[in-house]
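Within every chain, numbering begins at 1; the chains are lettered A, B, ... in the order of the sequence lines, protein sequences first and strands thereafter. All values below come from the heavy atoms of this structure, side chains included, with hydrogens, waters and symmetry mates left out. Note that the structure is predicted; figures quoted are calculated from it, not measured.
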Protein chains: 2
Amino acid sequence: MAYDLAVIGAGPAGLTAGIYAARSGLSTFILERATTGGLANEAWLIENYPGFDSIEGMELMDQMKKHALKYVSILPAEVKKIEIDKNMTLYTNNNSYKSDAVILATGSLHKKLGIPGEAEFIGKGVSYCAACDGFFFKEKKVLVVGGGNTAATEAIYLQDIGCDVTLVHRRDQLRAEKSLEKRLIKSGVKIIWNSVLEEIRGKNLVNSVLIHDLREDVSYELDFDGVFVLIGDSPNNTLASAVDVKLDGQGYIITDKKQRTNLHGVYAAGDVTGGVRQIVVACAEGAIAALSAYEDLSI
Amino acid sequence: MAYDLAVIGAGPAGLTAGIYAARSGLSTFILERATTGGLANEAWLIENYPGFDSIEGMELMDQMKKHALKYVSILPAEVKKIEIDKNMTLYTNNNSYKSDAVILATGSLHKKLGIPGEAEFIGKGVSYCAACDGFFFKEKKVLVVGGGNTAATEAIYLQDIGCDVTLVHRRDQLRAEKSLEKRLIKSGVKIIWNSVLEEIRGKNLVNSVLIHDLREDVSYELDFDGVFVLIGDSPNNTLASAVDVKLDGQGYIITDKKQRTNLHGVYAAGDVTGGVRQIVVACAEGAIAALSAYEDLSI
């Protein structure tokens, strides 16, 4: 069977693309290699998605998933390769799917620090998601690395659930929203300014870290049970770059205002296109991509 | 008092801009000349705003309003004039406000047909909003003019609440989403293809219309009690054009990807910028405009 449209990725962008495409009459399906909801699942609290003044990331994504499932199927499979001929063929491990158009909503991944001990202690004290793993560090000392909204929000969360939280940031002020910064300081989170994490140490589990003070140019060791690395994300662009979809300098897919890429029939939406990485923006891009596909296929 | 940012318009774009700006630490307020929620209020049912699989327009806008009011004030006043000097001065009838930046989220207005009888019978059988006025036409014959999503959705609504509905459209197919077209036909709405409304007639109230068949080039009279004109919208660009904000050929404000206009410190978001006129897109543009203002003011 050939579909009108395949959507790769079931985060906010992909789910919204599915809703809009199906409502426009396109035969559509969504392929997701991991969890429906994408990185948005990991936000413990979302307070800026209009209409929900405060909702857990998982809960919001669950509602979007149910919303999408009214119109479209979500298949659990990883697309390994896209072949573009007259139409598209998407290869997963066990199957192939044909469609006239494809929307890449493949999202982004957490950035790594790339320091000694980081890879070694993943799941043994190193985490990229406070909402997922914070619970295990109750009444323990945790270090949060980062200075953006995510780092600030999750530091507050960790403090709230009973961790003893310190945040380390390479500059002398945060990049986070001012309201978050205020709440961060009010919450009792300690902040180490102008410093970077140099090494994560332990035996079976993390028990200390090496911090480098950039101003004094000295390193010193501090005891911690957990390290949360919250320094941003990098785009999942492997599928895109394999078919020569144009990327920008940081690896994000370049689209026009209608979410079209440089390839006919290939659209992109959400975090993989960079820009402001907000759920409502990913949703909007998914909607626009689907409507553009509908427009182009209807001609 | 001088604010960092003024938002003009409290529809989806303006409310979201308010949320994002205030959360970013900007001192912000919203000015609204009419009803909070804008045109979105008039949608009787919204099924494509991600996270709400089915919600009345007024209910969704009420939730967004409450959400925004957690962070920002909404003042009921019409901005008559903007003066741009070192910063902005906004003049209403009784007041003036100073701010460093302004987001134009002034929305759009319903398009008129401009035919004899239309202006004469507004509120006497001619309406631009089925959700507002449909109730008055229960068990009566109504004509819906238009072929887009709004026309189709509202025609179904009118039929559902017990009106006897006919839709007239100038082409031989609708512009509406296919799923809506199917539901429209299933609902029992009669459709007059390839025809336009030429005149609305009556005494004190509408009682008939003149329809012109474009293929046969003949006009004929039909009895109707109500006429719903649902042919689209035009941008509220008066404030923008008065300060030489650049508009496109159809009068929509031109912005870059960050919602900046050609004027420093002036941003635009939502329906007044044209494009895909969807609530989630207006919200996204409001968020981006606010974050851009924050970025520019923080430098």
Side-chain angles (χ1 to χ4, degrees), chain A residues 12-13 15-26 46-55 59-71 149 175-182 255-259 275-276 278-288 290-292 294-295 298, chain B residues 12-13 15-26 46-55 59-71 149 175-182 255-259 275-276 278-288 290-292 294-295 298:
Chain A
L15 292 173
T16 307
I19 293 167
Y20 268 82
R23 284 177 59 88
S24 296
L26 300 181
I46 293 164
E47 299 189 329
N48 57 12
Y49 184 76
F52 294 93
D53 62 5
S54 190
I55 186 168
E59 173 61 21
L60 179 60
M61 293 324 298
D62 196 50
Q63 293 201 29
M64 280 195 198
K65 177 184 173 182
K66 282 184 190 146
H67 191 168
L69 285 174
K70 283 184 77 171
Y71 300 101
N149 276 358
R175 280 175 295 111
E177 290 172 348
K178 289 288 174 293
S179 68
L180 272 174
E181 189 176 317
K182 274 182 208 156
T255 70
D256 66 9
K257 269 193 150 185
K258 294 244 176 178
Q259 303 303 130
V276 173
Q278 294 294 310
I279 292 174
V280 71
V281 174
C283 290
E285 291 177 357
I288 293 169
L291 294 173
S292 298
Y294 171 69
E295 208 178 299
S298 304
Chain B
L15 293 172
T16 308
I19 293 169
Y20 269 82
R23 284 177 60 89
S24 296
L26 300 182
I46 292 165
E47 299 189 328
N48 57 12
Y49 184 76
F52 295 93
D53 61 5
S54 191
I55 186 168
E59 173 62 23
L60 178 61
M61 293 324 299
D62 196 50
Q63 294 202 28
M64 281 195 197
K65 178 185 174 181
K66 282 184 190 147
H67 191 168
L69 285 174
K70 283 183 75 170
Y71 301 101
N149 276 357
R175 280 175 295 110
E177 292 172 347
K178 290 286 174 296
S179 67
L180 271 175
E181 188 177 317
K182 275 182 207 157
T255 71
D256 66 9
K257 270 193 148 185
K258 295 243 176 177
Q259 304 303 132
V276 173
Q278 295 293 309
I279 292 173
V280 72
V281 174
C283 289
E285 291 177 357
I288 294 169
L291 294 173
S292 298
Y294 171 69
E295 209 179 298
S298 303

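No side-chain heavy atom of B/I55 sits less than 4.5 Å from a side-chain heavy atom of B/Y49.
Here the straight-line distance linking atom CD1 of B/I288 with atom OH of B/Y20 works out to 9.5 Å at 0.5 Å rounding. Note: A/M61 CE to A/I46 CD1 = 7.5 Å, rounded to the nearest 0.5 Å. Residue B/I279 holds its CD1 atom at 13.0 Å from SG of A/C283, rounded to the nearest 0.5 Å.
Your options are A/V281, A/I19, A/N48, and the one with the most heavy-atom pairs under 4.5 Å with chain B is A/N48. When each of B/A287, B/S54, B/A284 is scored by its heavy-atom pairs under 4.5 Å with chain A, the top score falls to B/A284. Heavy-atom pairs under 4.5 Å with chain B were tallied for A/G51, A/G286, A/P12; the largest tally goes to A/G51. Counting heavy-atom pairs closer than 4.5 Å to chain A, the top residue among B/G25, B/G275, B/S179 is B/S179.
The backbone N or O of A/Y294 lies less than 3.5 Å from no partner atom in the side chain of A/S24, so there is not a single donor-acceptor pair.
Around atom NZ of A/K182, no more than 12 heavy atoms belonging to other residues, nucleotides or ligands sit under 6.0 Å away.
Scored by the salt bridge (Lys or Arg N to Asp or Glu O under 4.0 Å) test, B/E47 finds A/R23, B/R183 as partners (sequence neighbours excluded).
Of the options A/E181, A/R175, A/E177, a side-chain contact (heavy atoms from CB on, under 4.5 Å) to A/N149 is made by A/E177 and by none of the others.
Inspection of non-hydrogen atoms places A/Q63, A/M64, A/H67, A/K70, A/Y71 of residues 62-71 of chain A under 4.5 Å from chain B.
With a 4.5 Å cut-off on non-hydrogen atoms, B/A282 does not touch chain A at all.
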